[in-house]
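Working notes, structure below.
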Amino acid sequence: MARYQRFGHGKAEEDQVLSAINTTPLVDVMLVLLIIFLITVPVVTQTVKMTLPKEQNIPTQTKPENIVLGVGPDSRIYWNMTPVKDQAELLARLVTVAKKDPQPEVHIRGDASARYAPIGRIVLAVQQAGIVKIAFITEPPPNQ
């Protein structure tokens, strides 16, 4: 609370207690902070000028030795066109082909409505078999 005395009347009895909050210094501080932020934001967002790599879609190079594993809409796993019974069969077949020299690439095709779990199991089996090249086949965007 601030106490002030009116000058000119000369009476001390007229001292009053001012109960209102003086917001003028608060508004001043807020305006100064706003100006500081407006000035510094463009400086902060500037980065070093560089050329970023462009997106490119490389056509799939189909080689007969490559393995295409597909996941259907029912989340069933296919080895080329043949359905795979279970994870153990998939791993056994991958271990067999992983011993070839040069090692084949594994291309995974997943239906858009397929669950992620079978694709994750394929990636895990490929990793456990020791195959180092794996790729995911997707559809290009319609405007290309």
Side-chain angles (χ1 to χ4, degrees), residues 1-63 65-81 83-95 97-98 100-144:
M1 289 191 279
R3 215 174 249 258
Y4 71 96
Q5 181 179 9
R6 286 185 175 171
F7 294 103
H9 293 283
K11 296 182 179 178
E13 297 90 34
E14 294 182 2
D15 285 345
Q16 297 177 353
V17 176
L18 183 62
S19 61
I21 297 174
N22 189 3
T23 58
T24 304
L26 179 65
V27 171
D28 289 345
V29 169
M30 294 297 291
L31 287 174
V32 169
L33 287 175
L34 179 66
I35 291 170
I36 289 172
F37 287 136
L38 288 176
I39 290 172
T40 57
V41 166
V43 174
V44 172
T45 56
Q46 288 182 350
T47 58
V48 176
K49 187 175 182 176
M50 61 180 67
T51 304
L52 297 176
K54 302 293 181 202
E55 175 191 3
Q56 58 182 346
N57 190 5
I58 301 170
T60 306
Q61 295 178 353
T62 305
K63 298 176 185 173
E65 63 268 13
N66 288 347
I67 302 162
V68 178
L69 297 175
V71 178
D74 56 349
S75 298
R76 192 168 183 161
I77 299 172
Y78 294 90
W79 182 287
N80 293 327
M81 299 294 289
V84 177
K85 292 179 188 172
D86 56 0
Q87 186 75 11
E89 179 188 351
L90 176 66
L91 182 60
R93 291 175 80 173
L94 286 171
V95 167
V97 297
K100 293 180 180 178
D101 189 31
Q103 199 175 55
E105 295 178 13
V106 173
H107 295 173
I108 298 174
R109 300 178 66 215
D111 190 90
S113 61
R115 298 180 53 101
Y116 180 74
I119 296 172
R121 286 195 297 267
I122 290 173
V123 172
L124 177 65
V126 169
Q127 183 183 20
Q128 289 174 340
I131 296 176
V132 294
K133 289 189 176 180
I134 185 169
F136 294 92
I137 298 175
T138 59
E139 295 274 336
N143 57 358
Q144 289 185 355

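In this text the structure is predicted, and so the values were computed from the model without any measurement.
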message: Thr51: which residues meet the side-chain hydrogen bond (donor to acceptor under 3.5 Å, both in side chains) condition with it, sequence neighbours left out?
response: none
field: Counterpart residues, salt bridge (Lys or Arg N to Asp or Glu O under 4.0 Å), relative to Arg109 (two or more places apart)
entry: none
- prompt: side chain to side chain donor-acceptor pair (under 3.5 Å): which pairs involve residues 65-78, sequence neighbours left out?
  reply: none
task: Specify the closest pair of heavy atoms between Gly110 and Ile119, including all atoms of both residues, with the distance to one decimal.
output: CA-CD1, 4.3 Å
- prompt: Out of curiosity, Arg93 CZ to Leu69 CG, how far, rounded to the nearest 0.5 Å?
  reply: 8.5 Å
- line: The complete set of side chain to side chain donor-acceptor pair (under 3.5 Å) pairs with one or both residues in residues 110-120, sequence neighbours excluded, reads Asp111-Ser113
Going by atom type alone, with no hydrogens or angles, which donor-acceptor pairs under 3.5 Å involve a side-chain atom of residues 20-32 and a protein atom two or more places apart or on another chain?
unit_1	atom_1	unit_2	atom_2	d
Asn22	OD1	Thr24	N	3.3
Asn22	OD1	Thr24	OG1	3.2

Indicate every side-chain donor-acceptor pair of residues 121-139 with a distance under 3.5 Å to a residue at least two apart or in another chain.
none

